[in-house]
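Only one structure is covered here, and it is reproduced in the block below.
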Amino acid sequence: IQPLEAFNVAGVLRVPLFLKLPGDKILITYDDARAVTKEKQVSEATMMATFHDATLSACFVESSIDQNGNRVPRYIPMRRFKVGDTINVFIADPDADVTDGKDKVKFTSGSSDSKPVTLEAVETDDHAGIFLGKVFPVAAEPQRPSDVKLGKNEDLILAYMDQENTDPGIPWNRNYL
């Protein structure tokens with residue numbers, strides 16, 4: 001791992017940064033000057049640096065009720081759709097889970113004849129790395145930001161820019177037709 005130097009906003013504090021590649025082992029050591037016992041003075045943890053390639057998919061969601069009265073979703077991969085159907089866009093990108101809460105990512109939706117619209121997908125749960133967005137194909141002029149006008153026999157094109165993946169530093173556009 002190569003150390004780099006970075007500065008805080010005021011330009012006073014120097015903080016070391018490290019370039020990491022998939023497969024690098026990261027060792028974190030903390031020396032507690034006020035430890036209760038000598039055995040607890042130094043704590044260490046290790047982890048592996050890794051990245052994942054994002055996937056993009058669309059599906060219908062059907063729900064049923066289980067024996068406890070809980071709603072259980074069933075995801076059905078989408079092959080065809082009609083104008084007026086709700087299209088659930090799933091983006092699986094563990095690298096985009098960057099906060100303790102539910103993160104958001106942007107994706108685009110459009111057709112070969114329409115200008116793509118940028119939409120947001122929200123993480124399904126804290127640290128899930130799976131994001132859900134919705135697109136509504138319409139025949140008339142769009143009324144909502146998530147409406148996409150489609151002509152007869154036009155394909156809906158979904159796209160997501162995978163910033164962090166297994167090719168570090170090279171963003172990949174993930175497409176779904």
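Values reported hereafter were calculated over all heavy atoms of this structure, with side chains retained and with hydrogens, waters and symmetry mates removed.
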Kindly compute the distance separating CZ (Arg71) from OG (Ser63), expressed to the nearest 0.5 Å. 4.0 Å
Does the side chain of Leu156 reach to within under 4.5 Å of the side chain of Ile87, using non-hydrogen atoms? yes
Same hydrophobic cluster for Tyr176 and Phe131, using side-chain heavy-atom links shorter than 4.5 Å among ILVMFWY? yes
Does Leu158 reach the side chain of Val135, with side-chain heavy atoms less than 4.5 Å apart? yes
Is any side-chain heavy atom of Phe81 closer than 4.5 Å to a side-chain heavy atom of Phe60? yes
With a 3.5 Å distance limit and no angle check, can you tell me whether Thr124 reaches the backbone of Ile130 through a side-chain donor-acceptor pair? yes
Tell me whether Asp147 contacts the main-chain N or O of Gln143 through its side chain, where contact means a donor paired with an acceptor under 3.5 Å. yes
Test your reading of the model: is there a side-chain donor-acceptor pair from Glu154 to the backbone of Asp113, 3.5 Å cut-off? yes
Interatomic distance, Ser109 atom OG to Leu150 atom CG [nearest 0.5 angstrom]: 7.5 Å
Close side-chain approach of Lys106 to Leu119, heavy-atom, < 4.5 Å: no
Non-hydrogen side-chain atoms of Val148 and Val117 separated by less than 4.5 Å: yes
Do the side chains of Val42 and Tyr30 get nearer than 4.5 Å, heavy atoms only? no
Which distance, rounded to the nearest 0.5 Å, do you find between the OG1 of Thr118 and the CZ of Phe107? 9.5 Å
N/O donor-acceptor pair under 3.5 Å between Asp125 side chain and Ala128 backbone: no
Ignoring hydrogens and geometry, is there a side-chain-to-backbone donor-acceptor pair from Asp97 to Pro94 under 3.5 Å? no
A quick test of your reading: do over 12 heavy atoms of other residues, nucleotides or ligands sit less than 6.0 Å from CG of Asp100? no
When every non-hydrogen atom of Asp126 is compared with those of Gly101, the smallest separation belongs to OD1-C, 3.4 Å
Quick check for you: to the nearest 0.5 Å, what is the distance between Asn175 atom CG and Met161 atom CE? 8.5 Å
For the NE2 atom of His127 and the NZ atom of Lys102, what is their distance to the nearest 0.5 Å? 12.0 Å
Between the main-chain N or O of Asp162 and the side-chain N or O of Glu164, is there a donor-acceptor pair closer than 3.5 Å? no
Worked check of side-chain hydrogen bond (donor to acceptor under 3.5 Å, both in side chains) between His52 and Asp95: CA-CA 7 Å; His52 299 274; Asp95 303 319; 5.1 Å; no
Check: Ile76 and Val61 side chains under 4.5 Å, non-hydrogen atoms: no
So, Asp93 and Arg174, do they make that salt bridge, N to O below 4.0 Å? no
Residue among Leu132, Thr55, Leu56 satisfying side-chain contact (heavy atoms from CB on, under 4.5 Å) with Phe90: Leu132
Here the gap from Thr29 atom OG1 to Glu44 atom CD, rounded to the nearest 0.5 Å, amounts to 4.0 Å
Hydrophobic cluster membership, with links at side-chain heavy-atom distances under 4.5 Å among I/L/V/M/F/W/Y: are Met78 and Tyr160 in one? yes
Locate the shortest heavy-atom distance separating Tyr75 from Pro73; write the atom from each residue and the value. OH-CG, 3.6 Å
In terms of side-chain geometry, is the basic nitrogen of Glu123 or Lys104 positioned less than 4.0 Å from the acidic oxygen of its partner? no
